[in-house]
Each structure stands twice: as structure tokens, then as C-alpha cells.
Amino acid sequence: MKKAFLQLHLSVLLAGWTGIFGKLITMSPGFIVLWRIIIAGTLLWGWLALRRTIEYVRPKDRLGIMAVGALLMIQWTLFYAAIKASNVSITIVTFSSMGFFTAILEPLITRTRMSIKEIGFSILTVFGISLIFHFDTQYRTGIMLSLTSAAAAAALAVFFRMYKAKYRATTVMSWQLLGGLACALVLMPWYLSITPPESFLPTPINFLYLLIFASFCTIGMYILQIQSLEKISAFTVNLTYNLEPIYSIILAMILFGEAKDLGLSFYIGLAFIALSVGLQTWSVMRIQKRVAALDKLAAEDSDKKPHPVFIEPIGSRKERE
């Protein structure tokens, strides 16, 4: 169990570096995502081939997963565009609005009942972001890009769960990356027409960053998360991933000195977002305890019920025969 928790926290720490590499790599967002997909996809497909765990996917589902992968590519591009337009801290905090978008989009996509409580908690996040948006006007473009990325990520989370029910998580991710690559290549001529000229091949330092980023912060993080889920509940994993924005902001402040660029409105907005996450966590923990208590009560009632007893007929078995 200790190993599983170590794997979980290591995966969260690696996830926290995602935004940092978006700042370190000096390429434009489209090329960062393209090379991330190329390197990560090659490593994942190679890993599955070596382990001989490539799973058959029905053609219809394959196209669906690849379409989700195209949305993933767009979401990543918007996320890194937000970092370039503002900074890591602003982007990460604004991206926390994903919970708000999930609370709205999931019921619409899955045709389930909308949770008023989840929307209420998420409104605190939106209020916190609005404070930053209103006072830190220089970051408005980055905030808008990050909000759009969060909405796309919320839709991705819903679609991913739908396909994960049918196939292994690594299978879904491998086909997602393939779909993302296809979409990136199709859109690349249009992307080049609206961005300044740029070399397709990364510089040596950018390639080093991309290699570390794709291998450790994409594939490595994902594999560690899957391995931890074998011993730890999904609830605990999701709860622990609330630490990811904190790791990212602390790293950004240490590496890029972003603390001096952030005003009081940022910290007030961050406080509202932290309150939202805390309330959501508290609510889910209450539900988990209630379910556990009901399960325990049901088990005790089952033990108290009289069990049927087989009474041996009078006379020995030999006599009956």
C-alpha cells in the first residue's frame, strides 16, 4: 500500500510540472502539443507492443476515441496558449473552473440529473476567477484561453469515462494520441498561416525539455496513476489530485518568480477557489462515509437474519438407502 501511495503522489507531482514545461519550452503552443503527441504516442505504442497488451478496438469506437483525441489536442493547445499569454499561476488557477464546466456538461452529455450542489460549489470557483479577471486586466487573454481549455477538458473527462468503461485506460489513451496527431497534422497549415514563422524541428534544449515532458509528465505520470489505482480507490486518487494546482503554482513561483507579478486579487480569487475545492471534498467524503455506514448496516442485518438449516431425516443414511 505504501508503494501505491508513493506512486500516486509522484504522479501528482509530475502532473504539476505540466504547466512549467509549457513555460520552459520556447516553441509556440501548436508545436509544443504536436511534439508532445509524437513523442508520447511513440513511447506508449512501443510500451504496449513490448508488453503485448495492444487491445482490439472496434472500428466505430476507434473513430470515436480518435475524435476525443482531436479535442484533447485542441484543449492542450489552448492551455499552452494561455500560459504564453499570461503565466503558469494564472492559467492553473483559471483552469480550476473545469469542475464548474463538468457539473454542467456531464448531465447534458450523459443525460443524468444535474447536481445543484456541485454547481453551487463551482460558482465559488467562477467568482474567484472573476475577481482575477476584473483586477488583473493584463491577463484577460490568458484567462479566456484557459477558461476555454477548461471547458474542453471537462467534456474530455466525460467522454473518457464513457470509453474507459469498454477498454483499458492505456488503450483509450493510445488511440486518443493517434487522433490528436491526425487532427494536429490536418490543422497545421492553417495554424502556420496565423502564427509567426517557426522552425518545425525543436532546438536541442527544447527537444530535451520535450523528451522529459512527454516521457515523464505524460506517459510516466499516466502509468503511475494506473498502477496506484490497482491498490487505492478512485476517490482517493481524485482527492489527491487537488494538490496538482498547488504544486504548479509553488514551482512557478520558485522557478519564474511569478509571486511578484501577482496582485492581491489573485490571492483573494485563489482563496475562493480553494474554498470551493475544500467544500467539494468535504461533500464527497460525507457521501462516502454515508455509503460505507449503510453497507455496514446492511451487512449486520444480513448476519442477524436466520439462515435456512438442513435437517437430516430420521434414520441413518445406510437405512435410507
(message) Is any side-chain heavy atom of Thr91 closer than 4.5 Å to one of Lys23?
(response) no
(request) With the side chain counted from C-beta on, respond yes when Trp17 and Ile212 share a heavy-atom pair under 4.5 Å apart, and no when they do not. (result) no
(message) So, taking the atom named OG in Ser193 and the one named CE in Met188, what distance separates them when rounded to the nearest 0.5 Å?
(response) 11.0 Å
(request) Quick one: closest heavy-atom pair of Lys84 and Gly22, and the distance? (result) NZ-O, 3.0 Å
(message) Restricting to side-chain hydrogen bond (donor to acceptor under 3.5 Å, both in side chains), what partner residues turn up for Ser146, sequence neighbours left out?
(response) none
(message) As an exercise, state the distance from CH2 of Trp45 to CE of Met173, rounded to the nearest 0.5 Å.
(response) 12.5 Å
(message) Tell me the closest heavy-atom pair linking Val88 and Ile83, and the distance in Å.
(response) CG2-CG2, 4.2 Å
(message) So Glu198 and Met27, do their side chains get closer than 4.5 Å, heavy atoms only?
(response) yes
(request) Say whether Leu50 and Ile39 are linked into one hydrophobic cluster, either directly or through other cluster members, by side-chain heavy-atom distances under 4.5 angstrom. (result) no
(message) Quick one, Thr170 and Thr53 - any side-chain contact, counting heavy atoms below 4.5 Å?
(response) no
(request) Find out if a path of hydrophobic residues (ILVMFWY) with successive side-chain heavy-atom gaps under 4.5 Å connects Leu181 to Leu63. (result) no
(message) Working to the nearest 0.5 angstrom, can you tell me the gap between Thr218 OG1 and Leu44 CG?
(response) 10.5 Å
(request) State the CZ-CD1 distance between Phe207 and Ile25, to the nearest 0.5 angstrom. (result) 11.0 Å
(request) Hey, could you give me the CD1/CZ distance between Ile38 and Phe31, rounded to the nearest 0.5 Å? (result) 10.0 Å
(request) Check whether any side-chain heavy atom of Met253 lies under 4.5 Å from a side-chain heavy atom of Ile249, and answer yes or no. (result) yes
(message) Working note: Thr171 + Arg62, criterion side chain to side chain contact (heavy atoms under 4.5 Å, CB included); need CA distance, chi angles, decisive distance, verdict.
(response) CA-CA 10 Å; Thr171 301; Arg62 197 179 303 163; over 6 Å; no
(request) Mark yes or no for whether Ser248, through its side chain, and Gly16, through its backbone, hold a donor-acceptor pair below 3.5 Å. (result) yes
Result block: side-chain N/O donor-acceptor pairs under 3.5 angstrom for residues 70-82, not counting sequence neighbours:
| from | atom 1 | to | atom 2 | distance (Å) |
| --- | --- | --- | --- | --- |
| Gln75 | NE2 | Ser149 | OG | 3.1 |
| Thr77 | OG1 | Met73 | O | 2.8 |
| Tyr80 | OH | Arg36 | NH1 | 3.1 |

(request) Could you grab the distance from atom CH2 of Trp175 to atom CE of Met66, nearest 0.5 Å is fine? (result) 6.5 Å
(message) Is a donor from one side chain sitting under 3.5 angstrom from an acceptor on the other, for Tyr191 and Ser28?
(response) yes
(request) Flag yes if Trp47 and Ile65 sit in one hydrophobic cluster, no otherwise; membership is Ile, Leu, Val, Met, Phe, Trp, Tyr, and two members link when side-chain heavy atoms are under 4.5 Å apart. (result) yes
(request) Identify whether Leu34 and Val186 are in the same connected component of the hydrophobic contact network (ILVMFWY, side-chain heavy atoms under 4.5 Å). (result) no
(request) Report yes or no: do Leu177 and Ile54 belong to one cluster of Ile/Leu/Val/Met/Phe/Trp/Tyr joined by side chain heavy-atom distances under 4.5 Å? (result) yes
(request) Give the minimum heavy-atom separation between Ala40 and Ile219, together with the two atoms involved. (result) O-CD1, 3.4 Å
(message) Do Phe21 and Leu210 have side chains that approach each other closer than 4.5 Å (heavy atoms only, starting at C-beta)?
(response) no
(message) Quick check: do Phe256 and Ile20 have side-chain heavy atoms less than 4.5 Å from each other?
(response) yes
(message) Is the shortest side-chain heavy-atom distance between Trp35 and Leu201 below 4.5 Å?
(response) yes
